[in-house]
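Single-structure report; data block below.
Just so we're on the same page: letters track the sequence lines, and every chain starts at 1.
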Amino acid sequence: MAGAMHWRHCMKNLILGALLLLAGCVTVQVAPERWGRLDQTIQQAEQLGAAQVPMAALHLKMAREQDLTARQLAANGDYRSDLILARAQADATLAVALAHEASIRRSMEQTDAQLRELQGQGQGQPAAPTQNQPGGSR
Amino acid sequence: MKTATKVFVAAAALSLSGCYTMMPRELSDARAAYNRALQSPAKAQAPSDLYDARRLLENSERAMNAGEDIAVVRDYAYLALRKVELAESHARTQADWDEIIKARRALDTLQAKETKAAQQKAADAQAALNAAKERLDREVAERDAAMAASKESQQKAQEQADAARAQMEQTQAALNDLNEKLSALQKVAPVKQEERGMVITLSGSVLFASGRATLFPAAMLRLDQVAQALKTMPESTHITVEGHTDDVGTAEFNQQLSLSRAQVVRDYIVGKGIAPTRIEAYGFGSTRPLVDNSNPENRANNRRVEIVIHGAPPVSLNGATPPIPTN
């Protein structure tokens, strides 16, 4: 009788453990460092002034939205949470790149203007641009 | 069988059509973007991003071909598109960087050139300033020297003018004195200006007894006046006392008598203060008569003593003092 009780108790623990393990597997589909990396990338985009660059701001917004979606999916154990997180990360990374690109573009325009001004002073008249203006295709 | 074949073909066509329509727009857009990026600088500037994009496109296509959830196909296509866009952004950024570096090099070159030009300009300006300063210093020194020389010259000229004026005043005073004396002298003896000098003629009968060389007392008074006049003459003047007789008696006697009388007069005048080196006595006997000795009056005129003053200043013998030139 005691043996049967012990066996049933063990089975209960085993089943509980298995359930807990399954629950853990569902919530640990996405590695925690990936959420951290996404947060850092979003923060970096903000610091680079992505909000002031229209396309960068758009991708930053999409990154945030997909971040929320990925978290909800992860919480629900949806297997797509991984891909949605990857999409959020891709948008955040692109926002950083676009913000950085805009910053470099401004520096280039300033340097180019400075050069043209100096050339104009040297020739006594405004100088022609040294290159085509940045496309700004985005 | 024929019907079965038709059904199979139709099913296959429907299946293919289904597959074709199953390719999501995200995948076709990502593929087009990827192909476009391969033709752009992104291929060279961001090859790793494009490599990732290609892998993601393959994932998307694989998922689609495997009949996986269309959402997964879209997700991979989405990620591929983002990678392509990232590659393009990186390429543009790199191009901008290259342009910045190029512009900065040009800027550095221009600035270096401008700096050099400015330094050269400053050096030229400094050199011009130094040259101007040297020229100014030299001109100031020359002006100062000229002013000093002019001042010295003016001072010397002033001193000379003062000395000349003083001498002129002294001479004028002496002349005035001389004229006064001569005016007084003319009352006792005729004075005339001849080519040889100023001649004071004293009658022999007034000075000496006949045939003798001793002065009368009255003659001494006249000779005092003559001596006073002679003392006013400049030291440079030379005086000769010449004795003359008439033709009575022998020539030797007359010669001796005229010389003796001249010497007596000379000695008297020397005794009155005239330097002996300035005055000499000569006897001419009857050799230089003023008029012929045909009657007693003429002979009296020929008996005489003449005092000749050589180098005397011009004086007015009518009592007026002639002006001395101021220059």
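For the atom pair CZ (B:Arg104) and OG1 (A:Thr111), the distance works out to 4.5 Å, reported to the nearest 0.5 Å. Annotation: the span from A:Leu118 atom CG to B:Thr109 atom OG1 amounts to 10.5 Å, rounded to 0.5 Å. Here the CZ-CZ distance, from B:Arg74 to A:Arg87, works out to 9.5 Å after rounding to the nearest 0.5 Å. Taking CD of B:Glu99 as the reference point, atom CD of A:Glu109 lies at 11.5 Å (rounded to 0.5 Å).
Taking the side chain as every heavy atom from C-beta outward, A:Leu98 and B:Arg92 approach each other to under 4.5 Å. You'll find the side chain of A:Leu83 stays beyond 4.5 Å of the side chain of B:Tyr78, heavy atoms only.
Shown here for B:Asp96 and A:Met108, the closest heavy-atom pair between the two residues is OD1-SD, 3.5 Å. Closest non-hydrogen pair, A:Leu115 versus B:Leu107, comes out as CA-CD1, 3.4 Å. In plain terms, the two heavy atoms of A:Glu101 and B:Thr93 that are nearest each other are CB-OG1, 3.3 Å. Taking every heavy atom of both residues into account, B:Ile100 and A:Ser107 meet most closely at CD1-CB, 3.8 Å. When all heavy atoms of B:Ser89 and A:Ala97 are compared, the pair lying nearest together is OG-O, 3.4 Å.
Here side chain to side chain donor-acceptor pair (under 3.5 Å) pairs that include residues 136-154 of chain B, with residues two or more places apart or in two chains, are B:Lys133-B:Asp137.
In this structure, the salt bridge (charged side-chain N to carboxylate O under 4.0 Å, His left out) partners of B:Arg165, at least two apart in sequence or on a different chain, are B:Asp162. Residues passing the side chain to side chain contact (heavy atoms under 4.5 Å, CB included) test with B:Gln126, sequence neighbours excluded: B:Leu129, B:Asn130.
Both the backbone and the side chain of B:Gln111 have a heavy atom closer than 4.5 Å to some heavy atom of chain A. For B:Ala117, no part sits under 4.5 Å from any heavy atom of chain A, backbone or side chain.
For residues 60-70 of chain A, heavy-atom neighbours of chain B at less than 4.5 Å comprise A:Met62, A:Gln66, sorted by residue number.
The neighbour count for A:Glu33 CD, taken as heavy atoms of other residues, nucleotides or ligands under 6.0 Å away, is above 12. Dense packing is recorded around CZ of A:Arg71, with more than 12 heavy atoms of other residues, nucleotides or ligands lying under 6.0 Å away.
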